[in-house]
Student: 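Below is the structure I would like to discuss, written out as structure tokens.
As the structure is a computational prediction, the values presented were derived from the model and not from experiment.
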Amino acid sequence: MDTSPTPAPDTANAAPSRPGDPSTGNAPRSGGEGGSAGGASTAGRTTGGARRATARRQSTAGRTAATPRTATDARQSASGRAAARTLAEDHGTTRPDDLTDTSDTAGPATAGRRRRTVLLLLGLTAVTSATALVLGLLSWAPDPPDPPEPARPLTVSEGERLAAVRVTNLRDLRAGVRVTAGTDAARVELVGWVDWSRSLLYLDVGGPGAGAERGLLQKSGPVLVIRPDPAAVPTPAAPPLMPPADRWRLHRLTPGAHLAPVLDLLLDLAADRPDPTRTAASSEARWIARDTAPAGPLDVIQAPLATGAPAAGTAPGTPGAATPAPDGQSRYWLDQDARLHKLVTRLPGTGPVTVVFNREDRPTLRPVDALGGRPGLPRALTDAEQRRLDRLPARLRAQGGATLTLTAPIGTDTNLRGAGWVSWTARTAYLAVADLGVPDRRALLRRDAAGLARADLPAAAAGSGTAEAPGRPPLPPPAGAWRVTRPGGDDLSTLVDAAVTAGSVGHRGTAVRVRDDVAAGRTVDVIEAGPAGSRLRYWIDSGDGSLRRLELRTDVGAWAHLDLQPAVVPRLAANPRPANPRPAAPRSPAPRPGTR
């Protein structure tokens, strides 16, 4: 007999039984009560077994359902650890999770240790190299310089180059220069250009010893003109390529002034043939040293200055550039093409002189009007130019008159400025003239057919303006002691006479065209005509044929000019008639220098 307690039915998990289902013991009952009791016992055992089987199935189902979740979680965990290891390898770090999984991190850890070892070795190498470099620098000593080569006589090639220096300068035409002459308070500094082909200097003069020459300077042969600027800064600069048109004056250097031999030296550094006394066989010159310049290597040669005739612009009795230095210590810096780049010498009355040449700075220079202006190529007139010249007298008479502006360097100490009128219908002229050397005086000039009358008055009584730019003369002319002379005579009278009688240019065929130029913004033809002793230049407007300027080369070699501007001219009174007019002084018969 089974005495174990009958388990309570599991109503929570038991599925509803279906009639006739043998697994649940719900078979149809048949028979009597006995059968019912036996069936009940059997049914009880069957029901208990069924409940235990159901419970086992549920437990197995629970474990089976849990198993996929556990596998999924494990796969996700493994994937996360793999991603972490990859990230750690990329950043060269070790994550804490990797320390717990030695099988997954053994490779990356070894690579990281290897990388750190390499970096440590590289750092040690760099430190060792730096230490060795510092120790090497501290213990390094430069090699001793090569001893300088001793002075020696010139070789044949060096002598030929020294002899050809002046020929090379003439062939190169011009060069930029920077000069320092003298010492201390007498020092003069020059910056500008030298044109050996035309014997022309164009310089800015400065330095503490510049004196009256401070400012711009041009020199052509024996003629020296300056444009003084007392307010200029002491240090000179390169002058403007287009020189200013005003305030130039003829200048004479003070006798014994140390600037004169310097200017002569610059112009005398050119010749048309080599100097035979400068060759290696006949010269006492010596090679001194080597130097360098942007143009290449240079030879420093010691030799006296070239001997021979003084430069053309050296006045008699003036120390010329050809005078050798007393100690013979002149030094030339020459390149392989016989070009002079530097000259150091001593000149009597000046002291030490240093000249530095810029062989690449070679602009075309323009002389100022007092030196003749821009050079040209004289040629015969064309038919059109000859017709304009032939019609000039009639055109001027039809025009009536013009205002005059005079600029006349007629002597080394005489620089005239003037203003006034000219009437071609009345053939008269009237102007006030100032001398820059006597700024408080004026000379009034009246020219008519009978002659030239002159009166000297104080500046206040002869019109307004300054000596550099005087005003026109007063109207009517003041009464006073007028001196009357015959036409002609000095340079000023010749120029005024030419203005009154403009158009009378002499015989046909004697005129030449010098160049074209610009006057008052108008293009003109510069035509030279007249007798050989007093040739004049007529600046004729190439458009309307009017006369814009008259030029005359004076006895001192400078050029005086009258600028004319067409205008309405007031009525000019005739000159007073003296009882016995003073005869005109004869004009100097000395021939004029050649025209430009």
Student: Taking the side chain as every heavy atom from C-beta outward, state whether R535 and V512 have any atom pair closer than 4.5 Å.
Tutor: yes

Student: Are the side chain of D541 and the backbone of S546 linked by a donor-acceptor contact shorter than 3.5 Å?
Tutor: no

Student: Only counting residues at least two apart or in another chain, list the ones meeting side chain to side chain contact (heavy atoms under 4.5 Å, CB included) with Q565.
Tutor: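 Residues passing side chain to side chain contact (heavy atoms under 4.5 Å, CB included) with Q565: T403, A520, R548.
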
Student: CG of L406 to CG of L445: how many Å apart, nearest 0.5 Å?
Tutor: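 If we round to the nearest 0.5 Å, L406:CG and L445:CG are 8.5 Å apart.
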
Student: Evaluate whether atom CZ of R247 has more than 12 neighbouring non-hydrogen atoms of other residues, nucleotides or ligands under 6.0 angstrom away.
Tutor: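 Yes, CZ of R247 has more than 12 neighbouring heavy atoms, counting only those of other groups under 6.0 Å.
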
Student: Considering the options R290, R331, R286, which one meets the salt bridge (Lys or Arg N to Asp or Glu O under 4.0 Å) requirement together with D299?
Tutor: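 Testing each of R290, R331, R286 against D299, the sole residue satisfying salt bridge (Lys or Arg N to Asp or Glu O under 4.0 Å) is R290.
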
Student: So does I410 get a backbone contact from the side chain of T414, meaning a donor-acceptor N/O pair under 3.5 Å?
Tutor: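 No, T414 side chain to I410 backbone: no donor-acceptor pair under 3.5 Å.
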
Student: Can you tell me how far the OG1 atom of T407 sits from the CZ atom of R417, to the nearest 0.5 Å?
Tutor: 5.0 Å

Student: Would you check if the side chain of R214 reaches a backbone N or O of G207 as a donor-acceptor pair within less than 3.5 Å?
Tutor: yes

Student: Show the nearest heavy-atom pair for residues R161 and A338, with the distance to one decimal.
Tutor: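 The answer is O-CB, 3.6 Å.
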
Student: Are any of the side-chain nitrogens in D456 or R454 under 4.0 Å away from the carboxylate oxygens of its partner?
Tutor: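 Yes, this pair counts.
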
Student: Keeping the roles fixed (side chain from T345, backbone from S330), state whether a donor-acceptor pair exists under 3.5 Å.
Tutor: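 Here the side-chain-to-backbone pair does not exist.
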
Student: Quick one: does any side-chain atom of W196 pair with a main-chain N or O of L266 as donor and acceptor, under 3.5 Å?
Tutor: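 Checked: pair present.
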
Student: How long is the straight-line distance from CG of D204 back to CZ of R178, given to the nearest 0.5 Å?
Tutor: 10.0 Å

Student: Tell me the side chain to side chain donor-acceptor pair (under 3.5 Å) pairs involving residues 365-377, sequence neighbours left out?
Tutor: R366-D517, D369-R549

Student: So, the side chain of R359 versus the backbone of L340: is there a donor-acceptor pair under 3.5 Å, distance only?
Tutor: yes

Student: Report yes or no: does D195 contribute a side-chain atom to a donor-acceptor pair with the main-chain N or O of S197 at less than 3.5 Å?
Tutor: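 Flag set: sc D195 to bb S197 pair under 3.5 Å.
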
Student: Do the side chains of R174 and D361 get close enough for a salt bridge, i.e. N-O under 4.0 angstrom?
Tutor: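 No.
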
Student: Is D435 salt-bridged to R441, going by a charged N under 4.0 Å from an acidic O?
Tutor: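 Salt bridge flag = no for R441 with D435.
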
Student: Could you measure the distance from the CG atom of L492 to the CZ atom of R447? Nearest 0.5 Å is fine.
Tutor: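 Those atoms lie 12.0 Å apart.
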
Student: Consider salt bridge (Lys or Arg N to Asp or Glu O under 4.0 Å). Of R553, R537, R513, R379, which one does E528 pass it with?
Tutor: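 The residue from R553, R537, R513, R379 that satisfies salt bridge (Lys or Arg N to Asp or Glu O under 4.0 Å) with E528 turns out to be R537.
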
Student: Looking at OG1 of T554 and CG of D490, how far apart are the two atoms once the value is rounded to the nearest 0.5 Å?
Tutor: 11.0 Å

Student: Does a donor on one side chain sit under 3.5 Å from an acceptor on the other, for Q399 and W424?
Tutor: no

